[in-house]
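Read through the structure below, which is laid out as structure tokens, and then see the notes.
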2 protein chains.
Amino acid sequence: MDEKENGTGTGEATGVESVSEGRRDFLKGTAAVGAATASLTAIGFPHITPAQAAEMKPGRIGSANHYYVPASAATVHWGYFSKILRPLVEVGSGDFVTVESLTHHANDDRERMIEGDPGLESVYFWAKDKKNVDRRGAGPMDASIYGRGAGEGFGVHILTGPVYVRDARPGDVLEVRILDVYPRPSANPKYKGKAFGSNAAAWWGFHYNDLLDEPKPREVITIYELSAEGDRDWARAVYNFRWVPQTDPDGVVHEIIDYPGVPVDHSLVKENHGVLRNVRVPIRPHFGVIGLAPKEEDMVDSIPPGYFGGNIDDWRIGKGATMYYPVAVDGGLLSVGDSHAAQGDSELAGTAIEMSLTGVFQLILHKQRDLRGTLLQNLQYPLLETQDEWAVHGFSYANYLAELGPKAQQEIYKNSSVDKAMRDAFRKMRHFLMTTRGLSEDEAISLMSVAADFGVTQVVDGNWGVHATLKKRVFSGA
Amino acid sequence: MDEKENGTGTGEATGVESVSEGRRDFLKGTAAVGAATASLTAIGFPHITPAQAAEMKPGRIGSANHYYVPASAATVHWGYFSKILRPLVEVGSGDFVTVESLTHHANDDRERMIEGDPGLESVYFWAKDKKNVDRRGAGPMDASIYGRGAGEGFGVHILTGPVYVRDARPGDVLEVRILDVYPRPSANPKYKGKAFGSNAAAWWGFHYNDLLDEPKPREVITIYELSAEGDRDWARAVYNFRWVPQTDPDGVVHEIIDYPGVPVDHSLVKENHGVLRNVRVPIRPHFGVIGLAPKEEDMVDSIPPGYFGGNIDDWRIGKGATMYYPVAVDGGLLSVGDSHAAQGDSELAGTAIEMSLTGVFQLILHKQRDLRGTLLQNLQYPLLETQDEWAVHGFSYANYLAELGPKAQQEIYKNSSVDKAMRDAFRKMRHFLMTTRGLSEDEAISLMSVAADFGVTQVVDGNWGVHATLKKRVFSGA
């Protein structure tokens with residue numbers, strides 16, 4: 001791809017091309033080797049604390065082409081993607097946007113993960129007569145199916161956005177460069193310098209009906225602690241507790257973890273401190289969900305990933321990585337959420353270390369007319385590029401919304417399969433090699449056998465995932 | 001584990017403990033950072049060429065506790081494991097053994113991979129009235145089922161062995177340290193300094209009934225070239241060709257690749273040179289098959305892996321790695337084969353770069369009575385240790401021979417599943433964490449979700465595989 005060409009259209013529109021070009025070159029170099037937040041602030045990206053952000057509206061800040069989207073009840077949509085959402089900001093190709101992502105598991109330990117943080121308190125506010133973010137999920141607002149609550153929890157992630165990308169049209173590709181990712185510190189003075197996340201071994205986990213010890217089944221939440229200063233590359237467990245029925249402010253009893261953001265009453269649970277003693281979990285900060293709005297439905301459950309990205313849950317989608325998404329609706333409508341401090345391939349028990357993070361992104365729009373001959377030609381799935389690798393993401397169904405009929409959003413949960421995801425990943429990697437590298441089918445298949453690695457991305461998101469990675473150095477010959 | 005204690009029993013028996021201890025310490029250090037063959041020869045391991053090996057019988061060489069097992073028609077068993085095979089050598093715990101492994105795909109290009117090499121010529125010799133290694137596979141010798149040839153190709157790998165480990169009894173664990181792995185150079189003067197391997201995209205591949213281009217289906221073989229001098233860490237494709245029916249020396253026509261070692265008549269195939277131009281495949285030399293004899297049957301197809309190891313096809317089982325296998329029969333009966341120059345996780349199209357390699361191993365016997373409190377306690381599956389990671393190997397069936405009834409060896413091919421292998425890998429990693437690290441089930445499950453990576457080992461060996469890896473540094477806390 002020609003960097004310059006890709007940025008041109010935008011530059012003309014915004015009049016900031018020269019600034020943008022220079023910065024992009026700089027970032028391109030540093031992102032690859034792991035740019036620290038400091039380097040971004042040094043070139044004009046102000047560091048904004050959650051407390052400062054609470055006073056801001058989504059919009060342009062500092063430099064001409066840097067936007068900031070704080071997370072609050074006014075800027076998040078909880079549990080769903082939607083092409084009919086009103087965008088928070090409109091940006092041009094080449095622009096930068098900082099997005100705050102809040103974890104939907106913060107109420108597992110309100111003291112550590114919510115208290116004192118205006119953005120989190122705003123999103124999570126829920127009293128008997130007032131619930132700041134009422135809809136949680138793509139289900140009915142009157143909870144007429146299960147009675148769990150508005151939106152029914154058909155989709156669980158707190159998503160910040162959407163961001164409208166100027167000139168983006170169906171058939172284009174949006175490149176999302178993740179320039180930086182940093183933790184959201186606990187705002188509680190008791191926990192100064194620390195950040196916290198929650199891991200739920202939940203009913204939708206792969207393990208749930210396959211337990212050894214009593215009581216069976218059970219849901220267990222483990223609270224993890226990280227340094228908010230960035231001086232430790234590992235997390236440690238603080239305590240765990242077994243989920244017991246929790247009554248939400250509207251009086252609904254949640255026997256299991258069936259609705260996002262239910263406050264956990266810690267007088268009802270038994271905190272077991274000292275678990276996972278001496279264990280250090282290597283951190284892999286990333287976004288479980290980055291995605292564009294799908295075109296098929298107005299309201300789409302945030303849990304199953306698809307061609308539009310969404311809940312891919314690949315820990316490689318972190319700092320220094322670049323994602324490419326096919327644009328399905330005008331403006332693309334980018335949303336970000338489900339931030340994770342660490343996750344293993346498979347996300348076995350249902351969640352990662354779910355934690356609030358902030359990401360700095362650069363968005364580059366690739367118009368359909370310019371894609372021929374580039375590695376984005378005919379891209380119909382989310383593609384990942386890291387410093388060393390390419391990765392495609394296969395799912396049980398490449399586009400479950402289109403493939404599974406009018407009840408696709410229910411059907412997908414009955415058709416989860418790693419075997420099918422493996423098949424899809426094979427087809428996508430073959431497509432990638434034949435289209436972008438000009439290999440014959442026989443060449444592509446041999447190369448996949450001897451050099452591509454297929455891994456289990458997740459077995460917990462309805463539309464299960466297998467990714468295939470290939471080292472870039474494979475193409476270094478001459 | 002206490003290194004010293006583990007070696008003691010053997011030292012007494014062989015009288016070489018002091019030598020063994022010193023060498024083991026040395027190797028322990030160097031293996032971890034990648035010991036070159038040079039370092040092994042420097043401490044008394046003679047470098048033996050295939051030509052020299054052809055004059056040798058399996059047995060002790062050089063130092064008191066180093067054994068050498070050359071590959072020839074007299075020392076290989078083709079396509080099966082068997083507890084009733086006569087061992088080639090008997091070694092004690094702590095002893096070293098160098099084993100030559102020959103690829104079963106050498107006849108895809110006889111000129112490059114067989115000609116002039118006495119070991120390969122011995123194993124592959126097949127004329128109308130004489131076939132040096134008649135049985136190929138665990139099937140009937142009269143080929144009464146499909147008529148493919150003796151053994152029916154129910155199992156395909158050329159396995160060198162078995163090695164009998166003194167005092168090994170069912171319930172013990174055999175530790176196999178892979179100290180070095182080196183390529184077998186082409187013995188044809190035309191290809192001096194080079195080594196070759198073959199990749200077959202074959203009918204048992206995951207891709208076979210899911211092709212885009214005509215003719216469908218088709219089998220394609222790609223010949224790869226490596227440096228035999230160790231000065232390049234990549235392989236390149238030389239040419240590929242489509243399989244066409246081949247008539248073996250007994251007059252049987254092989255429409256597809258249905259019997260191992262069938263000579264490919266190159267006057268019948270079209271060699272396409274210049275394929276995968278500019279592609280460099282990173283090499284990952286390893287053994288697709290290392291295993292002990294299973295106890296369930298006298299003749300066991302070499303293709304499906306199981307609790308005894310066998311055809312695990314994990315590229316991590318290379319130099320510097322250590323495998324632990326549960327012993328099922330007296331002496332363990334270790335065999336080695338299916339050597340690979342490179343393979344991706346999933347071995348998508350049926351094979352790796354199949355190539356003859358030689359391995360230097362150290363074998364350590366862990367008696368059942370000493371396992372309590374060690375990480376080998378109650379080990380009922382093959383366990384992998386590398387410098388940085390632990391890995392367990394899950395299969396569609398943990399022990400298909402015991403689980404699938406009297407026709408298990410046929411049934412396994414009808415029940416291949418990544419989903420089931422994922423389940424088995426989950427259970428094994430949970431067992432590993434609970435047994436060897438003393439974690440509660442809740443701790444183990446949370447840790448797996450946030451730190452263990454599940455990958456697709458292979459989808460081509462009947463008993464499909466998913467491995468789970470965990471970084472050792474996870475346990476580095478204090």
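Both backbone and side-chain heavy atoms feed into the values below; hydrogens, waters and symmetry mates do not. Every chain is numbered from 1 and lettered A, B, ... according to where its sequence line falls, protein lines coming before strand lines.
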Show the nearest heavy-atom pair for residues [X] and [Y], with the distance to one decimal.
{"X": "Arg280(A)", "Y": "Ser476(B)", "value": "CD-OG, 3.7 Å"}
{"X": "Asp453(A)", "Y": "Asp345(B)", "value": "OD1-N, 2.7 Å"}
{"X": "Ala201(B)", "Y": "Ile445(A)", "value": "CB-CG2, 4.0 Å"}
{"X": "Asn199(A)", "Y": "Ser449(B)", "value": "ND2-CB, 3.7 Å"}
{"X": "Leu276(A)", "Y": "Glu443(B)", "value": "N-OE2, 2.5 Å"}

Residues Asp210(A), Arg427(B); criterion side chain to side chain contact (heavy atoms under 4.5 Å, CB included); working and verdict: CA-CA 9 Å; Asp210(A) 194 8; Arg427(B) 291 176 178 169; 2.9 Å; yes
Contacting moiety of [X], where chain A heavy atoms sit under 4.5 Å:
{"X": "Val460(B)", "answer": "neither"}
{"X": "Thr351(B)", "answer": "backbone"}
{"X": "Asp313(B)", "answer": "neither"}

Test: Glu441(B) and Arg218(A) ion pair at under 4.0 Å: yes
State whether Lys420(A) and Asp419(B) are salt-bridged, where the test is any N-O pair (Lys NZ or Arg NE/NH1/NH2 against Asp/Glu carboxylate O) under 4.0 Å.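 Looking at Asp419(B) together with Lys420(A), the answer is no, because their closest N to O distance does not fall below 4.0 Å.
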Greatest number of heavy atom pairs closer than 4.5 Å to chain A - which of [options]:
{"options": "Ile353(B), Thr457(B), Leu211(B)", "result": "Leu211(B)"}
{"options": "Arg284(B), Met448(B), Lys471(B)", "result": "Arg284(B)"}
{"options": "Gly455(B), Ser417(B), Ala468(B)", "result": "Ser417(B)"}

Spacing of CG belonging to Asn278(B) relative to CZ belonging to Phe475(A), to within rounding of 0.5 Å: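 Rounded to the nearest 0.5 Å, the CG-CZ separation comes out at 10.5 Å.
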Working to the nearest 0.5 Å, report the span between CZ of Phe454(A) and CD of Glu347(B). 12.5 Å
Check whether Phe206(A) forms a cation-pi arrangement with Arg423(B) (NZ or CZ under 6.0 Å from the six-membered ring centre, at most 45° off the ring normal).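 Yes, a cation-pi geometry holds between Arg423(B) and Phe206(A).
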With side chain to side chain contact (heavy atoms under 4.5 Å, CB included) as the criterion, how do Ser446(B) and Tyr224(A) come out once you've worked through the C-alpha distance, each side chain's angles and the decisive distance to 0.1 Å? CA-CA 10 Å; Ser446(B) 181; Tyr224(A) 285 85; 2.8 Å; yes
Check against side chain to side chain contact (heavy atoms under 4.5 Å, CB included), Val275(A) and Asp442(B): CA-CA 9 Å; Val275(A) 294; Asp442(B) 292 337; over 6 Å; no
The test is side chain to side chain contact (heavy atoms under 4.5 Å, CB included); show your working for Leu212(A) and Arg430(B) and say whether it passes. CA-CA 10 Å; Leu212(A) 300 171; Arg430(B) 176 176 57 185; 3.6 Å; yes
